[in-house]
2 protein chains.
Amino acid sequence: MTSSKPSPRPTEAELDILRVLWDQGACTVREVHEQLHADGGAGYTTVLKLLQIMHAKGLVARDDAQRAHVYRATVSRQRTQKRFLSEMVTRLFNGSPSQLVLHALGETPRASKAELRQIRELLDRIDGGGKSQ
Amino acid sequence: MTSSKPSPRPTEAELDILRVLWDQGACTVREVHEQLHADGGAGYTTVLKLLQIMHAKGLVARDDAQRAHVYRATVSRQRTQKRFLSEMVTRLFNGSPSQLVLHALGETPRASKAELRQIRELLDRIDGGGKSQ
DNA sequence: TTTGACTTACGAAGGTCTTCGTTGACATCC
DNA sequence: GGATGTCAACGAAGACCTTCGTAAGTCAAA
């Protein structure tokens, strides 16, 4: 039983921290804080508190071998993206993912050639492989 | 100055109500409540309170000519979809809408032929018309 | 050993969100 | 007219989120 916790949806501030953790890998509180609020958005203890809460929720793991604890994300970027995406589909797009794709694509005139090609390839794979009705 | 208010992002419970209003058109509180919590999810006054708050926020308009006030959405489904989509892109997809499309497409093996075709057409229009660098 | 820098831990304040109980207004039916 | 039912309005409670001030612990250098 390794996956006993569904681990709750991250809040906005938590997402900001997760982004740092995903990009930088494991970080200390100070590193996250400097990455996120170098200008002075939120204080050091705010980030610390958030990380403690996230740890309690199971969103991050903590290595306290050193004095400055090191945090790393336990939820993957992919999984989180998927989760938010599917919530959005049910809440806002009548449960139709392709509707979401259509809308998102409409707002995306600045895609690179490579990306467009990637999308086409994926499309081919879906169309060719899984011809449902 | 008709459009002085950006009108805040709807919360989850507010989104549920907006969905009803979008699908059914203008509704009384009772109608929304029965549509949403016929089983007994939340009480009548809860829906009423939410609609009052949404009215204060400018998310819905109210016609109080009759005793039972009639509410209708002032924000369109499209606009709201776009808004959530773009927030998601910046928060979760490094600002790249096509990345979002790619992911959403990956979770969409059950798209209908018609939808896939629609996506392809849109893709062609983007690719052909806006060939950037 | 004392000082100072750095760190975690604790608790609390202020805000928003969601829910509901109660009240008073209004209409209808007997 | 009085009882009954429906409605909007109000206030408040409880939960969660975000932020921060302060205390307490640890380590190294002076």
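All of these numbers come straight from a predicted model, not from anything done at the bench. Side-chain atoms are counted along with the backbone in the values below, which use heavy atoms only and exclude waters and symmetry mates. Residue numbers start from 1 in every chain, and the chains themselves are labelled A, B, ... in the order their sequence lines are given, proteins ahead of strands.
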Expressed in angstrom and rounded to an integer, what is the separation of [X] atom [atom1] from [N] atom [atom2]?
X	N	atom1	atom2	answer
Leu51(A)	dC17(D)	CG	P	15 Å
Leu36(A)	dT18(D)	CG	C1'	13 Å
His37(B)	dC20(C)	NE2	C1'	13 Å
Leu48(B)	dT23(C)	CG	P	17 Å
Glu12(B)	dT19(C)	CD	C1'	15 Å
His33(A)	dT8(C)	NE2	C1'	15 Å
Met54(B)	dT16(C)	CE	P	17 Å
Ile53(B)	dA12(D)	CD1	C1'	13 Å

Quick one: closest heavy-atom pair of [X] and [Y], and the distance?
X	Y	answer
Val75(A)	Trp22(A)	O-NE1, 2.9 Å
Lys57(B)	Glu14(B)	NZ-OE2, 2.7 Å
Leu59(B)	Pro8(B)	CD2-O, 3.6 Å

The side chain of [X] is closest to which nucleotide in this list: [options]?
X	options	answer
His69(B)	dA9(D), dC7(D), dT19(C)	dA9(D)
Leu50(B)	dA8(D), dT19(C), dT7(C)	dT19(C)
Ala13(A)	dT19(C), dT18(D), dA12(C)	dT18(D)
Val29(A)	dC10(C), dT8(C), dC20(C)	dT8(C)

TODO: Assign Thr11(B) to base, sugar-phosphate, or nothing according to its heavy-atom contacts below 4.0 angstrom with the strands shown.
DONE: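 Sugar-phosphate contact only.
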- [ ] Using a heavy-atom cut-off of under 4.0 Å over every strand shown, decide if Tyr44(B) touches base, sugar-phosphate, or nothing.
- [x]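 Answer is sugar-phosphate: Tyr44(B) comes under 4.0 Å of backbone atoms only.
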- [ ] Count the heavy atoms of every other residue, nucleotide or ligand shown that sit under 6.0 Å from CD of Glu121(B), and state whether that count exceeds 12.
- [x]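 Result for CD/Glu121(B): enclosed.
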Open item on the list: Looking at Glu87(A), I want to see if its CD is surrounded by more than 12 non-hydrogen atoms of other residues, nucleotides or ligands under 6.0 Å.
Closed with: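 Enclosed.
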[X] vs [N]: side-chain N/O to OP1/OP2 distance below 4.0 Å:
X	N	answer
Arg30(B)	dC7(D)	yes
Thr46(B)	dC20(C)	yes
Arg62(B)	dA9(D)	yes
Gln52(A)	dA9(C)	yes

Open item on the list: Closest-nucleotide mapping onto DNA chain D: is Ala42(A) or Arg9(A) further toward the 5' terminus? I mean the 5' end.
Closed with: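 It is Arg9(A) whose nearest nucleotide is closer to the 5' end.
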Task: 5' priority, DNA chain C, between Val70(A) and Lys49(A) [closest heavy atom] - done: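 Here Val70(A) is the residue nearer the 5' end.
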Task: Side-chain-base donor-acceptor pair under 3.5 Å for Arg67(A) and dT26(D) - done: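 Such a pair exists between side chain and base.
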Task: pair Glu115(A)-Leu102(B): side-chain heavy atoms closer than 4.5 Å - done: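 Counting from C-beta outward, Glu115(A) and Leu102(B) never come under 4.5 Å.
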